[in-house]
Structures are given as structure tokens and as C-alpha cells.
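In what follows, a structure is listed as C-alpha cells, so that the remarks can point back to it.
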Amino acid sequence: MKTIGIVVVLGLVAATVLVVGVLALVRHDETAPPGGEILWDDFGFGVVGARRVTELGPEEQLVRARGVFVIVDLKVTNHAQRVDYDTSKHTAVLYDSTGNEYRVDPWAQAALDSQPGVWNRGPTRLAAGESCVTELVYDLPVDAKGLYLKISWGGEFVDTVDHVVFGDRRIEVVAGMAR
């Protein structure tokens, strides 16, 4: 009975060492500069433009920022050879240098999307080799700085596993950057 316990403990230690070893080989932090790209499998994400404005929308539907709107031009590229990508699988979350999290402002996004000539939502599916750029609107404090995007894959648990296994992946945002 004592030897079974020792074997079980040694098996758990070996499994732990194996998992930690694999993570050490796979995991690395990565930061894409503005205009750069970070890959998740065959799918690339990058910021190709960003700007600050204080109001959005046509005059009769004008929306004013509580602080300042930061409009981020997010480029998504499907580098796969044969597989489509469903663009609803991800969410772009904006952070500042102090770690505050910002989600797309639905009222500001609707105001931007309602402007004449703006078709902003992008396709719901990207065929192999295709890419699209979507403008995303965030309402931030005026003094927010050190902005970066992270791609969320479906909630806190999935994002935590992604972070632990693959590392911290950030896409820098410089408001004032022209597309």
C-alpha cells in the first residue's frame, strides 16, 4: 500500500514537471507595435489606426464622450489556407497603462455606424486569405495613456487559460495614428 502511494506521488510530480516544461516551451509574452500583428493560430490581429474625438454621429443623434472617444481601427486577417474565420469569436478589449479595462461603448459605436457612408461592422466570416478593418469606439478618461488591446476569446476563464498557456499578448494603440 505504501509503494502505491509513492508511485502516485511520483506520477503526479512527473506530470507536473511535464506540464511546466511544455508551458515553458510554448508560453512567451508578445507586444505588437501599432501597424504590427499578433497571431492566434492562423488569425492575425493588429491596430492600423486610432484617433480621439469628443462626439460622434449625425447632428440629430449626436453622442458626446464622458471623457474622450478613442476609435481604434482593428485589422483582422485570416492567414489560413482553407478555413474560414468567424469574426464573432473574438472581442477586442482596450486597457490603459494602469490596467483599467474598457469595452466598446455601444451608444458611441451605434453613432459611428449610423454616419452616412459608414459600413463598419465588417463581414461575419473571413474566407481564407481575406482581411477586414473595423472601427471600434471606446469611451476613456481624457488622461488615459499607455493604451493597448487584448483579444478576448469568450470570457474570463478562457482568457486566463490563454494567458497562462500562451503568454501576455498586447497590441499597442497610439491615438492620433492615421490609417
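Throughout, residue positions are numbered sequentially from 1 according to the sequence presented.
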### Message
Quick test of your reading: applying ring-ring contact (aromatic ring centres under 6.0 Å, His included), list the pairs with at least one residue in residues 51-70, sequence neighbours left out, ordered by first then second residue.
### Response
none

### Task
Using the ring-ring contact (aromatic ring centres under 6.0 Å, His included) rule, collect all pairs that involve residues 91-110, keeping only residues at least two apart or in two chains.
Y95-Y148

So, using salt bridge (charged side-chain N to carboxylate O under 4.0 Å, His left out) as the criterion, who are the partners of [X] when residues are at least two apart?
X: R125; value: D84, D86
X: R170; value: D168
X: D41; value: none

### Message
Consider side chain to side chain contact (heavy atoms under 4.5 Å, CB included). Of I171, L147, V104, which one does L94 pass it with?
### Response
L147

### Minimum-distance pair of heavy atoms, taken over all atoms of A144 and R52
O-NH2, 3.3 Å

#### Entry: Side chain proximity check, R51 to D73, heavy atoms < 4.5 angstrom
yes

### Query
Any side-chain heavy atom of E37 sitting closer than 4.5 Å to one from L39?
yes

Side chain to side chain contact (heavy atoms under 4.5 Å, CB included) involving [X] - partner list, sequence neighbours excluded:
X: T98; answer: D96, N100
X: A92; answer: L74, L136, Y138, L149, I151
X: S131; answer: K75, T77

### Query
What residues, two or more places apart in sequence or in another chain, satisfy ring-ring contact (aromatic ring centres under 6.0 Å, His included) together with F45?
W40, H90, W153

### Task
To the nearest 0.5 angstrom, please state how far the CD atom of E172 sits from the CD1 atom of I38.
9.0 Å

### Query
Any salt bridge (Lys or Arg N to Asp or Glu O under 4.0 Å) pairs touching residues 54-67, not counting sequence neighbours?
E55-R64, R66-D105, R66-D139

Ignoring hydrogens and angles, tell me if any N or O in the side chain of [X] forms a donor-acceptor pair with the backbone of [Y] under 3.5 Å.
X: T87; Y: T124; result: yes
X: E130; Y: A127; result: yes
X: D42; Y: Q81; result: no

